[in-house]
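These values consider heavy atoms only, across backbone and side chains, with no hydrogens, waters or symmetry-generated copies. Within every chain, numbering begins at 1; the chains are lettered A, B, ... in the order of the sequence lines, protein sequences first and strands thereafter.
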There are 2 protein chains.
Amino acid sequence: MHKMIKKNKTFIDKLRSSGLRPTNQRVEICKFLFGRKKTFHFTVEELKNSMNLKRLKKISTATFYNTVHALKSAGHLKEFSLDNNTSYYDTNIASHHHFFDNGKVIDIKSDKITFQKLPEAPKGKKIKNVEVVIRLENNN
Amino acid sequence: MHKMIKKNKTFIDKLRSSGLRPTNQRVEICKFLFGRKKTFHFTVEELKNSMNLKRLKKISTATFYNTVHALKSAGHLKEFSLDNNTSYYDTNIASHHHFFDNGKVIDIKSDKITFQKLPEAPKGKKIKNVEVVIRLENNN
DNA sequence: CACATACTTTAGAATAATTATAAAGTAGTT
DNA sequence: AACTACTTTATAATTATTCTAAAGTATGTG
């Protein structure tokens, strides 16, 4: 029980720091997103389907979108795009890179890629982060 | 006039190599995309608006989408995504990188970034290309 | 160089992802 | 406990894109 309370507190903190009140729906979404050992990637539609499948009382689409969006704006989720028109989210917010393999995404730890040369930021700007996408193809 | 003919031939070649017949609409789209000194970025919607503004007889949305898609599949355009749900296209197909500055995209020449360390491709796969996105923020 | 045929264009309908709306419900303050 | 501002929800609206089917056009063949 101690652990449970502690975890919920973490989720509530994430919500509060995203400017959101910790409602039941939101806490459950956080539990689903952050209450596991491994980070993962998802679309809002996938998240909605996974969570609502097991629930008698469904959480509405708008709540999923609102919550994910706020978590992302606060930096608790990272957004990325493939070549299609759907937003993907990543619960791994540590700076890292990706392999893209025909729609499948694989994380690359930050320290697996280092640079020999990087350009200067334009005047008045600075670099916020650097992300590398390595596109893969079959080894024919 | 010579130059004009030569250019049109280039456009027609691009279309043919994309599996498309060189119709008037398509040649005009190619002219707009490839008949200039500098490469540029665009969305299909932007392309449509820019081109149709000056035309008495408008080219239909579907034709813009079809043509851009075929040119992209043939490698005459590169597609990329920002954090939203719109596809962007780049007439610069040379391998290169990007600064993203609040929705604005700036090209970075390929030789401005070099790597010290890159990960191996997973078994049975090989690297198709490597693309770097450098996100910028204001120098507060 | 006319003709047949397969490919194109087009307007409009359809779809998919996302955002907006506004009425009913709930958290947090007093 | 009561009030008020924030939430949830179902549904409508919007945006980007794809599909459809009828009318038009490029191109090889004779």
If you count the non-hydrogen atoms of other residues, nucleotides and ligands that lie under 6.0 Å from [atom1] in [X], is the total more than 12?
{"X": "A:Lys125", "atom1": "NZ", "answer": "yes"}
{"X": "B:Lys126", "atom1": "NZ", "answer": "yes"}
{"X": "A:His96", "atom1": "NE2", "answer": "yes"}
{"X": "A:Gln116", "atom1": "CD", "answer": "yes"}

Do B:Lys48 and B:Glu45 sit within salt-bridge range, that is, some charged N less than 4.0 Å from a carboxylate O?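 Here B:Lys48 pairs with B:Glu45 in a salt bridge, since their nearest N and O are under 4.0 Å apart.
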A:Lys54 with A:Glu28: basic N within carboxylate O range, under 4.0 Å: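 Salt bridge: no.
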Below 4.0 Å: OP1/OP2 of [N] and any side-chain N or O of [X]:
{"X": "B:Tyr65", "N": "D:dT18", "value": "no"}
{"X": "A:Lys57", "N": "D:dT8", "value": "no"}
{"X": "B:Ser87", "N": "D:dT17", "value": "yes"}
{"X": "A:Gln25", "N": "D:dT9", "value": "yes"}

With the side chain counted from C-beta on, respond yes when B:Gln25 and B:Thr67 share a heavy-atom pair under 4.5 Å apart, and no when they do not.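 A side-chain contact is absent here, since even the closest heavy-atom pair is not under 4.5 Å.
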Just wondering, do B:Asp90 and B:Leu77 contact through their side chains at under 4.5 Å, heavy atoms?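 They are not in side-chain contact.
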For atom [atom1] of [X] and atom [atom2] of [N], their distance in whole Å:
{"X": "A:Phe64", "N": "C:dA17", "atom1": "CZ", "atom2": "C1'", "value": "15 Å"}
{"X": "A:Asn66", "N": "C:dA17", "atom1": "CG", "atom2": "P", "value": "18 Å"}
{"X": "B:Ile12", "N": "D:dA26", "atom1": "CD1", "atom2": "P", "value": "11 Å"}
{"X": "B:Ile59", "N": "C:dG12", "atom1": "CD1", "atom2": "P", "value": "18 Å"}
{"X": "B:Arg26", "N": "C:dT9", "atom1": "CZ", "atom2": "C1'", "value": "9 Å"}
{"X": "A:Arg55", "N": "D:dT8", "atom1": "CZ", "atom2": "P", "value": "11 Å"}
{"X": "B:His69", "N": "C:dT8", "atom1": "NE2", "atom2": "C1'", "value": "17 Å"}

At 4.0 Å (heavy atoms only), tell me whether A:Glu45 reaches a base, stays on the sugar-phosphate, or touches nothing.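 No contact.
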Under 4.0 Å, heavy atoms only, any strand: does B:Thr63 hit a base, just the sugar-phosphate, or nothing?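 Base, at least one base atom sits under 4.0 Å.
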Tell me, which pairs form a ring pair (Phe, Tyr, Trp, His ring centres under 6.0 Å) where one or both residues lie in residues 23-44 of chain A, sequence neighbours left out?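 Found A:Phe40-A:Phe42, A:His41-A:Phe80, A:His41-A:His98, A:Phe42-A:Tyr89.
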Please collect all ring pair (Phe, Tyr, Trp, His ring centres under 6.0 Å) contacts where either partner lies in residues 109-138 of chain B, sequence neighbours excluded, each pair once.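 Matches after skipping sequence neighbours: A:Phe115-B:Phe115.
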So if I take residues 46-53 of chain A and measure heavy-atom distances to DNA chain C, which residues fall below 4.0 Å?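 Output list: empty, so none.
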Protein proximity profile, nucleotides 21-30 of chain C - base contact B, sugar-phosphate-only contact S, no contact -, cut-off 4.0 Å on heavy atoms: ------BS--
Rounded to the nearest 0.5 Å, how far apart are CD1 of B:Ile127 and CD of B:Glu120?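 Taking CD1 in B:Ile127 and CD in B:Glu120, the distance rounds to 8.0 Å.
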Listed pairs under 3.5 Å, donor-acceptor, residues 11-22 of chain A side chains, sequence neighbours left out:
residue : atom : partner : partner atom : Å
A:Ser17 : OG   : A:Asp13 : O            : 3.1
A:Ser17 : OG   : A:Lys14 : O            : 3.0
A:Ser17 : OG   : A:His76 : NE2          : 2.7
A:Ser18 : OG   : A:Lys14 : O            : 2.7

Could you give the angle between the helix axes at the two ends of the helix from C:dC1-D:dG30 to C:dT30-D:dA1, with five pairs per end, rounded to 10 degrees?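 Axis-to-axis angle, ends of the helix: 30°.
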Choosing from D:dT9, D:dA16, C:dT9, which nucleotide comes nearest the side chain of B:Ser60?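 Of D:dT9, D:dA16, C:dT9, C:dT9 is nearest to the side chain of B:Ser60.
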